[in-house]
J.: 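This is the structure I want to talk about, given as structure tokens.
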Amino acid sequence: EEASRTKSTFLANMSHEIRTPMNAIIGMTQLALESAPDQRQKNYLVKIENASSTLLAIINDLLDISKIEADRLELEVADFRLFTLLEHVSAVAAVAAGEKALQFEFTAAPEVPDQLRGDPQRLEQVLLNLTHNAVKFTERGGVTLAVDLADRKEEKVWLHFSVCDTGIGIPAEHREILFEPFEQLESAVGGSYGGTGLGLAICKKLVEIMGGEIRLESTPGQGSCFHVDVPLERAG
């Protein structure tokens, strides 16, 4: 246990040192692309940029789970516009869905407040991960993102987010382990979809740190719905 904590603390402290050179590689590649390279060079640079972004995403997952295990992850508190955040999540998900000829739909209950206070970056991270997985494991039909007002208590509101798909679904015996670090959906449904197996574990921890909860409903062959309930403060 002590060795595990030491490992987690070490990786958490390495955050800046690991991310800095990766961001430099991505930045320099983007500058090189702006210099009007010939087609062959452009092809090489685009592949470098894509591979670097994928590697940075993996590094971020590893660092996040290490910070969580070492109790070093702290939430930021700031005022933010919920619908601006959701528009960005929807735009990213819609592009990914469109590439697979899937439908994407976003709905919001009229009573959901827009001006809130909390950690928008981590909330967006959770929703992006869930919508990304929904698109990845869906071949026909579509994905929906919805938000409702679950409860209101003085200055706090409880929001209920749901991300549903018409994908492959998840057998009941595999649902709990999906939220464990390094467990991958491939082991539950077969096939190879890529990924670190950290996304859902990070989502669960982030939601719990926020004071909320995440749960899954799924029917094999018909689809899945991830439900997230989180408390946020009203701003303004």
J.: Can you get from Leu75 to Val230 by hopping between Ile, Leu, Val, Met, Phe, Trp and Tyr side chains that sit under 4.5 Å apart?
T.: yes
J.: Are the side chains of Gln125 and Ile202 in touch, meaning some heavy atoms are under 4.5 Å apart?
T.: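 Gln125 reaches Ile202 side chain to side chain.
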J.: Less than 4.0 angstrom from a charged side-chain N to a carboxylate O is my criterion; do Asp151 and Lys156 meet it?
T.: no
J.: Considering only heavy atoms from C-beta outward, does the side chain of Phe104 approach that of Leu145 to under 4.5 Å?
T.: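 Yes, side chains in contact.
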J.: Working note: Leu73 + Lys205, criterion side chain to side chain contact (heavy atoms under 4.5 Å, CB included); need CA distance, chi angles, decisive distance, verdict.
T.: CA-CA 10 Å; Leu73 192 146; Lys205 295 294 186 181; over 6 Å; no
J.: Quick check: do Phe80 and Leu123 have side-chain heavy atoms less than 4.5 Å from each other?
T.: yes
J.: What are the two closest heavy atoms between Ala32 and Pro37, and how far apart are they?
T.: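 The pair with the smallest heavy-atom distance is O-CD, 3.6 Å.
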J.: Are Arg117 and Glu155 side-chain neighbours, meaning at least one heavy-atom pair lies under 4.5 Å?
T.: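 A side-chain contact under 4.5 Å is absent here.
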J.: Are there over 12 heavy-atom neighbours, none belonging to Lys100, within less than 6.0 Å of that residue's NZ?
T.: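 More than 12 heavy atoms, drawn from other residues, nucleotides or ligands, come within 6.0 Å of this atom.
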J.: Take a 6.0 Å sphere around CD of Glu111 and say whether it holds more than 12 heavy atoms from other residues, nucleotides or ligands.
T.: yes
J.: Is the count of non-hydrogen atoms from other residues, nucleotides or ligands lying under 6.0 Å from Glu208 atom CD greater than 12?
T.: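 Check passes, neighbour count above 12.
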J.: Check Pro113 against Leu82 and note the closest heavy-atom contact, atom names and distance.
T.: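 Of all heavy-atom pairs spanning Pro113 and Leu82, the closest is O-CD2, 3.6 Å.
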J.: If you define the side chain from C-beta out and look only at heavy atoms, does anything of Leu149 sit under 4.5 Å from Val157?
T.: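 The answer is yes; the side chains approach within 4.5 Å.
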J.: Any side-chain heavy atom of Val126 sitting closer than 4.5 Å to one from Phe226?
T.: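 Answer no - side chains too far apart.
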J.: Side chains of Leu127 and Leu85: does their closest heavy-atom pair fall under 4.5 Å?
T.: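 Yes, their side chains come closer than 4.5 Å.
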